[in-house]
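The analysis underlying the following values was restricted to heavy atoms, covering all of them including side chains, and did not include hydrogens, waters or symmetry mates. Numbers here simply count residues along the sequence, with the first being 1. Owing to the predicted nature of the structure, the values given are computational and were not obtained by experimental measurement.
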Amino acid sequence: MHPTPVVPERDAWLIAHGSGHLRPGETLYGALPVKLDPLVPDGIPKRCRRPKPAAQETARFRGWQRIFLPVGALMWLCSVPAGLLEAGAHHTWRGVRRIFRGRVWEGGWDSVAGWFVITTRTGTPDVSHYANEQLALAFTDQRLLLLSRPSMPEREAAQLLGELPRGRYGLRHEPHPARHTSRVDIAFPDGSWLALEADERRQVPLLTGLLGPA
């Protein structure tokens, strides 16, 4: 008899969405929404970006919409100073926080941890940006599935963003600072690791249990 998948009560939709990506005979152990640690890079290098031809085509101005290009260009020019100021403040604040928070990932962009960040930030192929923050993890007896988090799961299915074979991930042995109460670190065989953040503190034991030892 298969165990009942463990999911947070308000995210019961993950059972149906996660089960939709199972292989024949595969068992879903549990699933929950997570986020990358707030200080994990919020962008990825251009060399790591996967092409999104469908999203790029949709985003282009075509036909009669071209008449709005001059207006759009003017609005963009007006927004540049504010955007630069906002970006500067954002990076300064992240730098200050990093001093006190410490490292939140290790291994670089070519490691498994880097792949995890790239996969998360890339998101679904129908969006043109590479700054996705919504992620759900589904744990099976064979794999770890990285799923998208639809805004309306009753109407839109979660998409499979990536996967890792079971045994190729686990809980990081070295504990993180105790003051980071919503944080759980996932580790990989190549020595890289990454800090995740549960949606709620009470979900930390669930995430820790599903990850298991590295």
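If you chain together ILVMFWY residues whose side-chain heavy atoms come under 4.5 Å of each other, Trp193 ends up in a group of its own.
Here the CZ atom belonging to Arg172 is positioned 7.0 Å from the CD atom belonging to Glu106, to the nearest 0.5 angstrom. Rounding to the nearest 0.5 angstrom, the gap separating the CG atom in Leu135 from the CG atom in Leu161 is 6.5 Å. If you take CD on Glu133 and CD on Glu197, they are separated by 10.5 Å, rounding to the nearest 0.5 Å. Expressed to the nearest 0.5 Å, how far CZ of Arg121 lies from CD1 of Ile44 amounts to 9.0 Å. From Asp11, atom CG reaches atom CD of Gln203 across 6.0 Å, with rounding to the nearest 0.5 Å. Note that CZ of Phe139 is 10.5 Å distant from CG of Leu28, once rounded to the nearest 0.5 Å.
Ring geometry for His17 against Trp13 counts as perpendicular: the plane angle is over 60°, on a 0 to 90° scale with 30° as the lower cut.
At least one side-chain heavy atom of Arg143 sits less than 4.5 Å from a side-chain heavy atom of Arg23. A 4.5 Å side-chain heavy-atom check between Phe116 and Ile186 finds at least one atom pair inside the cut-off. Looking only at side-chain heavy atoms (C-beta outward), Tyr169 and Leu137 stay at 4.5 Å or farther from each other. Side-chain atoms of Tyr29 and Asp141, non-hydrogen and from C-beta on, do get closer than 4.5 Å to each other. Looking at Ser128 and Lys52, their side chains never come closer than 4.5 Å, going by heavy atoms from C-beta outward.
Tyr130 places no side-chain N or O within 3.5 Å of a backbone atom of Pro45 that could act as its donor or acceptor partner. Under a 3.5 Å cut-off, the side chain of Asp185 and the backbone N or O of Glu174 do not form any donor-acceptor pair. Between the side chain of Asn132 and the backbone N or O of Thr120, at least one donor-acceptor pair lies under 3.5 Å. Without hydrogens or angle criteria, His176 side chain to Ala195 main chain gives no donor-acceptor distance under 3.5 Å.
When all heavy atoms are compared, the tightest approach of Ile118 to Arg50 is CG2-NH2, 4.0 Å. Taking all atoms of both residues into account, the shortest heavy-atom contact from Asp190 to Val112 is OD2-N, 3.0 Å.
A 6.0 Å sphere centred on CZ of Arg49 holds more than 12 heavy atoms belonging to other residues, nucleotides or ligands. In this structure, Arg202 places its CZ atom where only 12 or fewer heavy-atom neighbours from other residues, nucleotides or ligands lie under 6.0 Å away.
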From CA spacing to verdict: side-chain contact (heavy atoms from CB on, under 4.5 Å), Leu194, Val40:
CA-CA 8 Å; Leu194 174 69; Val40 169; 3.7 Å; yes

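Paired with Val204 under the rule side chain to side chain contact (heavy atoms under 4.5 Å, CB included), one option of Leu206, Thr208, Leu207 passes, and it is Thr208.
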N/O donor-acceptor pairs under 3.5 Å from side chains in residues 146-154, not counting sequence neighbours:
| unit_1 | atom_1 | unit_2 | atom_2 | d |
| --- | --- | --- | --- | --- |
| Ser148 | OG | Gln159 | N | 2.7 |
| Arg149 | NE | Gln134 | OE1 | 3.4 |
| Arg149 | NH1 | Val34 | O | 3.3 |
| Arg149 | NH2 | Asp199 | OD2 | 3.1 |

